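Reviewing the structure listed below.
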Amino acid sequence: MLWRGRRQSDNIEDDRSDSGGGGIGGGGGFQLPIGGRTGGGGSIILVILVVIAGWYFGFDPSAILGGGDGGLLPGGGGQITDNGGGGQGSGTAPANDEMKQFVATVLAETEDTWTGIFKSQGLTYEDPKLVLFSGQVRSACGFASAAAGPFYCPGDHKVYLDMTFFQELDQKFGAAGEFARAYVIAHEVGHHVQNLTGIMGKFNQMRQGMSEADANQLSVRIELQADCFAGVWAHYTAQKGILEQGDIESALNAAKQIGDDTLQKKTQGYVVPESFNHGTSQQRQTWLARGYKSGKLSDCNTMSGPL
Ligand SMILES: [Zn+2]
């Protein structure tokens with residue numbers, strides 16, 4: 001990605017010196033925190049999905065952004081984490097200025113793209129903040145360690161990133177490349193778009209009281225949409241002529257490497273589909289590619305139909 005010399009976002013909060021301590025990893029796979037799920041059954045989730053589908057189809061696709069609650073819903077307090085499984089102690093991340101500049105530039109590119117898309121709908125995009133942290137961080141969604149991976153907190157409209165995750169992405173997950181990293185940021189910003197448009201608020205409401213398996217299914221749909229939104233961003237970024245050979249492939253490879261099935265095979269040797277909450281490698285690649293191909297939000301309806 002030809003990012004050097006381009007605008008860098010002012011919406012970076014560098015909290016790396018504030019925190020410390022190692023994020024000592026544990027858990028496998030992507031997590032959706034905040035439990036409290038009881039009851040719920042297959043029929044209930046079906047009804048709910050139909051409701052969402054209706055909610056979606058009730059609007060002209062181009063009006064998705066204006067639909068529903070029309071903007072900022074308070075976050076339910078849940079956070080969307082996007083870790084591939086944690087594990088490394090981070091702690092003393094050096095102030096990597098070049099990487100910080102890269103992150104600030106990618107963030108600026110997402111600001112420009114989403115501002116334009118919102119504007120085309122007569123809406124105003126509100127930039128998220130991106131917090132760089134080291135080891136551990138406190139957000140409106142609670143306390144998080146780097147092991148939980150990058151995440152977006154709907155409660156404070158901030159993306160949280162410990163940049164050591166990028167090394168992990170490269171070395172542990174086999175997803176090298178600048179644009180793999182850009183995809184991670186764009187995915188989190190995709191959650192912010194979901195928050196602004198009210199999609200995430202509905203998601204957080206709905207998953208309360210669901211069984212874990214049902215909540216996981218719903219989570220997959222939300223995550224794949226964030227992948228699709230990342231693809232939409234990549235589409236417009238490509239139009240600016242700043243993508244390089246292999247960029248899209250590196251993002252698609254990242255989507256593959258962090259698919260639930262691939263991660264579970266790698267970490268435990270077998271897959272438990274009911275526990276998938278981000279989507280399979282195939283699904284993640286498919287939705288990222290779909291957003292990238294058309295650049296249309298209407299192609300990112302993951303809320304109904306087969307994935
Ligand atoms: Zn996500």
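Order of appearance sets the numbers: ligands from 1, and atoms from 1 within every ligand. None of these values were measured; they are calculated from a predicted model.
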Under 2.8 Å: N/O/S of His187 next to the Zn ion (ligand 1):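 So His187 does bind the Zn ion (ligand 1) by this criterion.
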Glu223 backbone or side-chain N/O/S under 2.8 Å from the Zn ion (ligand 1):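 Yes.
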His191: its N/O/S atom lying closest to the Zn ion (ligand 1) (atom name):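 This turns out to be NE2.
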Pair Tyr125 and His192, ring centroids less than 6.0 Å apart: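 Yes.
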For Tyr292, ring-ring contact (aromatic ring centres under 6.0 Å, His included) partners two or more places apart: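 In terms of ring-ring contact (aromatic ring centres under 6.0 Å, His included), with neighbours along the sequence ignored, Tyr292 is linked to no residue.
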With Phe276 via ring-ring contact (aromatic ring centres under 6.0 Å, His included) - residues at least two apart: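 Counting only residues at least two positions away or on another chain, Phe276 forms no ring-ring contact (aromatic ring centres under 6.0 Å, His included).
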Pair Lys158 + Glu13, salt bridge at N-O below 4.0 Å: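 Yes, this pair counts.
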